[in-house]
A.B. asks: 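Can you read through this structure? Questions will come right after.
A note on names: the letters A, B, ... follow the listed sequences, proteins ahead of strands, and every chain is numbered from 1. Only heavy atoms go into these numbers, but all of them, side chains included; no hydrogens, no water, no symmetry mates.
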Amino acid sequence: MGMTAVEKIFSKHTGKDVRAGEFVFANVDLVLSNDITSPLTVEQFKKIGAKTVFDKDKIALVPDHFTPNKDVQSASNSKLLRGFAREHGITHYYEIGRMGIEHALLPEEGLTLPGDLIVGADSHTCTYGAAGALGIGIGSTDAAVAMATGKLWFRVPETIKFVFSGKLRPWVGGKDLVLAAISEIGVDGARYMAIEFSGAAIRELSMDGRFTMCNMAVEAGAKTAFIEPDEKTIEYVKPKAKKAFVPEVSDPDAHFAQEIRVDVDDMEPLVACPSSPANVKPVSELRGISVDQVVIGSCTNGRLEDLKIAASVLKGKKVHPHVRMIVIPATQRVYKDALKEGLVEIFLDAGAAFSTPTCGPCLGGHMGVLAEGEKAISTTNRNFIGRMGHPKSEVYLANPAVTAASGVLGRIGSPEEVLS
Amino acid sequence: MKIEGRVWKFGRDVDTDAVIPAKYLNLQDPKELGRHCMENIRPDFAKSAKPGDIVVAEENFGCGSSREHAPLALKGLGISCVIAKSFARIFFRNCVNIGLPILEAPEAVDAVGDGDELSVDLESGTIEDVTSGLKFKASPMPRLAKEIAEAGGLIEYAKQHLL
């Protein structure tokens, strides 16, 4: 019996052939932590009694959640993270003004390479599967142990394979495919398991679209997500890579826990309604719902392609008078490219706010918190109760084109309605 | 070890944003976090829960964010264990790592009502509903998770085995 890519990568990092279901201690290639998970990590790291980190080049610290700091407490946490980075000489520490949202930043920096095993104290670490790496979300204590020892405990997961066949219609992208997958299996459909996305529609997707898909796999409960590295992947990672890498792919006779086929030919843009990422409906069924706020950004859809798509809908249009639109590039590089390509001007002319990179509104942190009774449509990843602010506010999740169009319409709607 | 307490029953897919809203994630003290535990979905919980009380929930408890603040908030409030039909992955390992007992026991979840008094033997995984007199057995923990929990959490385990 062949092996899945996930089993192969775990085998490589444990030094023996391991199969789904086995509990192992594996060596990790990179440990990530951010400004909300790091304070606990630092506290736990001290308790272990290790004098130094296992490898100062294999740790990434990114203050991105409550930054630029929203209050004194958040500033103290960032100070703690910064202090730890300096004390241990952490190579990959990213200061405000030079940073980005972690899951967009690390691939951009060439730190998520095919065949790597990466752990991050953030659930969306699964994003890195689009680069052929295994990205696994962990807690702060996990991160502390991984930083001290370079090792962590895992259960090697089974893999669910999604095969997306057909050709995507205009304005349908990675976000719609992953919402389709989550609604197919539910928010715990891939609990303790990995998801491999494959098929003709995935091969057609850009790297940005693939990152969006792997990013949201955790909303189906997945431990990690994976897309087989192809020419597009190699073309993306090679110029950025700081070390050699060996891509892994699933054997043709590998055992998958489940194989799910989805034909995308007739798929229209999808929207996840409150309060579950699995509560998915086609955009055409939601046209009557008015919105107060629109957010374009986050580790899910704040990359350059996302901003380009949003700008193509907004060009020459105005944000509806009753709507606040917030656009947040995921990284400084995305910010700069958006400036260069004239996207920022389009957003500003439309009447949108354009921000420095931050996770802010996605988790109801800052810069876009909702009041009681307000509704938002957002390119972010979660619409749980109170996710973006007041427990009686509501969040709808959609792709950048639908989100931008809804900002112009003042209600949920499709790009065709704006552009016709 | 035996635990006794009142049941606080929750539904399925209780996410970690519900357990502790993101606006409190700039805090780390378990007691402070505990004061806001579940406030968006059950505002009376943090005010009324007593040390020893037990959270019982349907499937996929702790889904969503990886925030370790969620199990810490429960622990800070004095919740003695969480019993659910199933747990989200990161929440499960966070509990093992910080030493908050968790038990998967679908039949117990179906039978136990909000406000019931439970007696739980963590060693044997026996759950007794003192109110109804019914007894249940939790699914056994994976061996490695059990070893980590028995060491007192991942930090102690790492000190003994990984350094």
Side-chain angles (χ1 to χ4, degrees), chain A residues 23-25 35-37 39-41 43-44 47-50 65-66 70-71 73-74 76-77 120-125 137-142 144-145 148-149 151-153 155 157 186-188 191-192 218-219 221-223 275-276 278 362-366 369 382 384-387 389 391, chain B residues 12-18 21-30 32-33 39-41 43 58-72 85-99 142-148 153-159 161-163:
Chain A
F23 280 80
V24 297
F25 271 90
D35 56 311
I36 61 172
T37 51
L40 289 169
T41 302
E43 195 180 309
Q44 297 291 62
K47 282 190 200 158
I48 300 171
H65 276 64
F66 287 151
K70 67 158 183 158
D71 55 22
Q73 189 58 48
S74 306
S76 307
N77 293 339
D122 189 279
S123 61
H124 293 106
T125 303
I138 54 168
S140 295
T141 299
D142 277 326
V145 169
T149 68
K151 288 186 184 64
L152 208 53
W153 68 284
R155 178 185 170 279
V187 290
D188 66 346
R191 214 166 37 88
Y192 300 134
V218 68
E219 312 314 335
K223 175 176 200 150
S275 309
S276 165
C362 173
L363 75 163
H366 61 146
V369 175
R382 290 187 174 134
F384 301 150
I385 292 168
R387 173 72 177 179
Chain B
R12 62 168 301 147
D13 304 325
V14 173
D15 57 78
T16 51
D17 276 85
K23 63 181 169 183
Y24 303 115
L25 295 184
N26 54 7
L27 307 172
Q28 288 91 39
D29 178 55
E32 274 185 75
L33 292 166
E39 73 177 21
N40 280 355
I41 60 164
E58 302 280 337
E59 294 89 352
N60 202 28
F61 187 85
C63 62
S65 160
S66 66
R67 60 191 69 165
E68 201 164 294
H69 307 67
L72 281 178
K85 286 189 178 171
S86 60
F87 292 94
R89 188 189 68 84
I90 307 177
F91 183 85
F92 178 91
R93 60 184 295 139
N94 282 346
C95 287
V96 170
N97 288 347
I98 69 163
R143 190 181 52 83
L144 182 59
K146 204 158 180 256
E147 278 175 28
I148 293 168
L154 186 61
I155 298 298
E156 284 308 311
Y157 186 94
K159 278 193 206 168
H161 300 278
L162 299 179
L163 285 181

A.B. asks: Less than 4.5 Å to any heavy atom of chain A: does that hold for the side chain of B:Arg12, its backbone, both, or neither?
C.D. replies: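 Interface part for B:Arg12: side chain.
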A.B. asks: As an exercise: rank A:Pro391, A:Ala148, A:Gly365, A:Ser76 by heavy-atom pairs under 4.5 Å with chain B and give me the winner.
C.D. replies: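 Top count of heavy-atom pairs under 4.5 Å with chain B: A:Pro391.
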A.B. asks: I want to check something: taking the side chain as every heavy atom from C-beta on, are B:Arg67 and A:Asp122 in contact at a cut-off of under 4.5 Å?
C.D. replies: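 A side-chain contact under 4.5 Å is absent here.
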A.B. asks: Who wins among B:Ala70, B:Cys63, B:Ser86 for the most heavy-atom pairs under 4.5 Å with chain A?
C.D. replies: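 Going by pairs under 4.5 Å, I would pick B:Ser86.
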A.B. asks: Does a side chain donor of either B:Glu68 or A:Thr37 reach within less than 3.5 Å of an acceptor in the other side chain?
C.D. replies: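 No donor-acceptor contact under 3.5 Å links the two side chains.
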A.B. asks: Considering all heavy atoms of both residues, which atom of A:Ile48 and which atom of B:Lys159 are nearest to each other, and what is their separation?
C.D. replies: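 That closest heavy-atom pairing would be O-CG, 3.6 Å.
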A.B. asks: Strictly distance-based, threshold 3.5 Å: is any side-chain N or O of A:Glu219 a donor or acceptor partner for the main-chain N or O of B:Gly64?
C.D. replies: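 Flag not set: sc A:Glu219 to bb B:Gly64 has no pair under 3.5 Å.
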A.B. asks: Below 4.5 Å, heavy atoms only, C-beta onward: do B:Pro142 and A:Arg155 meet side chain to side chain?
C.D. replies: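 The answer is no, as the side chains (C-beta and beyond) never meet within the 4.5 Å cut-off.
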A.B. asks: Would you mind checking which part of A:Asp71 comes under 4.5 Å of any heavy atom in chain B, side chain (CB onward), backbone (N, CA, C, O), both or neither?
C.D. replies: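 Contact with chain B: side chain only.
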A.B. asks: Of all of A:Val369, A:Leu363, A:Asn77, A:Thr149, which one pairs up most often with chain B through heavy atoms under 4.5 Å apart?
C.D. replies: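 That would be A:Asn77.
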A.B. asks: Got a second to check how far A:Phe23's CZ is from B:Lys146's NZ, nearest 0.5 Å?
C.D. replies: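 One gets 13.0 Å once the value is rounded to the nearest 0.5 Å.
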A.B. asks: Does B:Asn26 reach the main-chain N or O of A:Gln73 with its side chain, forming a donor-acceptor pair under 3.5 Å?
C.D. replies: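 No.
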A.B. asks: Heavy-atom pairs under 4.5 Å with chain B: which of A:Pro39, A:Gly49, A:Gly364, A:Gly186 has the most?
C.D. replies: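 With the most close heavy-atom pairs to chain B, the winner is A:Pro39.
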A.B. asks: Is it the backbone or the side chain of B:Val14 that comes under 4.5 Å from a heavy atom of chain A, or both, or neither?
C.D. replies: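 Contact with chain A is absent: no heavy atom of B:Val14 under 4.5 Å.
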A.B. asks: Applying side chain to side chain donor-acceptor pair (under 3.5 Å), name anything that partners B:Glu39, two or more places apart in sequence or on another chain.
C.D. replies: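 For B:Glu39 the side chain to side chain donor-acceptor pair (under 3.5 Å) partners, ignoring immediate neighbours, are B:Tyr24, B:His36.
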A.B. asks: Going by atom types alone, do B:Asn97 and A:Gln44 pair a side-chain donor with an acceptor below 3.5 Å?
C.D. replies: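 Side-chain D/A pair, B:Asn97 to A:Gln44: absent.
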A.B. asks: Please determine whether a side-chain nitrogen of the Lys or Arg among A:Arg382 and B:Asp15 lies less than 4.0 Å from a carboxylate oxygen of the Asp or Glu.
C.D. replies: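 Here A:Arg382 does not pair with B:Asp15 in a salt bridge, since their nearest N and O are not under 4.0 Å apart.
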A.B. asks: Look only at the side chain of B:Arg89 and the backbone of A:Ile138, and say whether a donor-acceptor pair between them is shorter than 3.5 Å.
C.D. replies: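 Side chain of B:Arg89 to backbone of A:Ile138: no pair is present.
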A.B. asks: Would you mind checking which part of B:Ala158 comes under 4.5 Å of any heavy atom in chain A, side chain (CB onward), backbone (N, CA, C, O), both or neither?
C.D. replies: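 Contact with chain A involves the side chain of B:Ala158 alone.
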A.B. asks: Under a 4.5 Å heavy-atom cut-off, does chain A meet the side chain of B:Leu25, its backbone, both or neither?
C.D. replies: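 Its backbone and side chain both get close to chain A.
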A.B. asks: Hey, which of B:Ile155, B:Asn94, B:Asp13, B:Leu72 has the most heavy atom pairs under 4.5 Å with chain A?
C.D. replies: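 The answer is B:Ile155.
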A.B. asks: Between A:Tyr192 and B:Phe87, is the ring centre distance below 6.0 Å?
C.D. replies: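 No; B:Phe87 has its ring centre 6.0 Å or more from that of A:Tyr192.
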A.B. asks: Side-chain contact test, heavy atoms from C-beta onward, threshold under 4.5 Å: evaluate it for A:Val145 versus B:Tyr157 and give yes or no.
C.D. replies: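 Not touching, per the 4.5 Å side-chain cut-off.
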A.B. asks: What part of B:Ile98 gets closer than 4.5 Å to chain A, counting heavy atoms only: side chain, backbone, both or neither?
C.D. replies: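 B:Ile98 touches chain A through side-chain heavy atoms alone.
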A.B. asks: Which atoms form the tightest heavy-atom contact between B:Lys23 and A:Lys70, and what is the distance?
C.D. replies: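 That would be O-NZ, 4.3 Å.
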A.B. asks: Would you indicate whether the side-chain heavy atoms of A:Arg191 and B:Asn60 approach each other to under 4.5 Å?
C.D. replies: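 Sidechains of A:Arg191 and B:Asn60: in contact.
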A.B. asks: Assess the residue pair A:Phe384 and B:Thr16 against the criterion (side-chain contact (heavy atoms from CB on, under 4.5 Å)); give the C-alpha distance rounded to whole Å, side-chain angles, the decisive distance to 0.1 Å, and a yes or no.
C.D. replies: CA-CA 9 Å; A:Phe384 301 150; B:Thr16 51; 5.9 Å; no
A.B. asks: Check whether any side-chain heavy atom of A:Trp153 lies under 4.5 Å from a side-chain heavy atom of B:Leu154, and answer yes or no.
C.D. replies: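 Contact flag for A:Trp153/B:Leu154 side chains = yes.
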A.B. asks: Among A:Gly137, A:Ala222, A:Gly386, which residue forms the greatest number of heavy-atom pairs with chain B at distances under 4.5 Å?
C.D. replies: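 Maximum pair count with chain B is reached by A:Gly137.
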A.B. asks: Just do the side-chain contact (heavy atoms from CB on, under 4.5 Å) check on B:Arg93 and A:Leu152 with the steps written out, would you?
C.D. replies: CA-CA 11 Å; B:Arg93 60 184 295 139; A:Leu152 208 53; 3.6 Å; yes
A.B. asks: Which value, rounded to the nearest 0.5 Å, describes the distance between A:Ser275 atom OG and B:Ile41 atom CD1?
C.D. replies: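 A:Ser275 atom OG to B:Ile41 atom CD1 measures 11.0 Å (nearest 0.5 Å).
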A.B. asks: Is it the backbone or the side chain of A:Ser74 that comes under 4.5 Å from a heavy atom of chain B, or both, or neither?
C.D. replies: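 Both the backbone and the side chain of A:Ser74 come within 4.5 Å of chain B.
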A.B. asks: Among B:His69, B:His161, B:Glu59, which residue forms the greatest number of heavy-atom pairs with chain A at distances under 4.5 Å?
C.D. replies: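 Most pairs with chain A among the choices: B:His69.
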A.B. asks: So which heavy atom on B:Ser66 is nearest to which on A:Ser123, and how close?
C.D. replies: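 B:Ser66 and A:Ser123 have their closest heavy atoms at OG-N, 3.4 Å.
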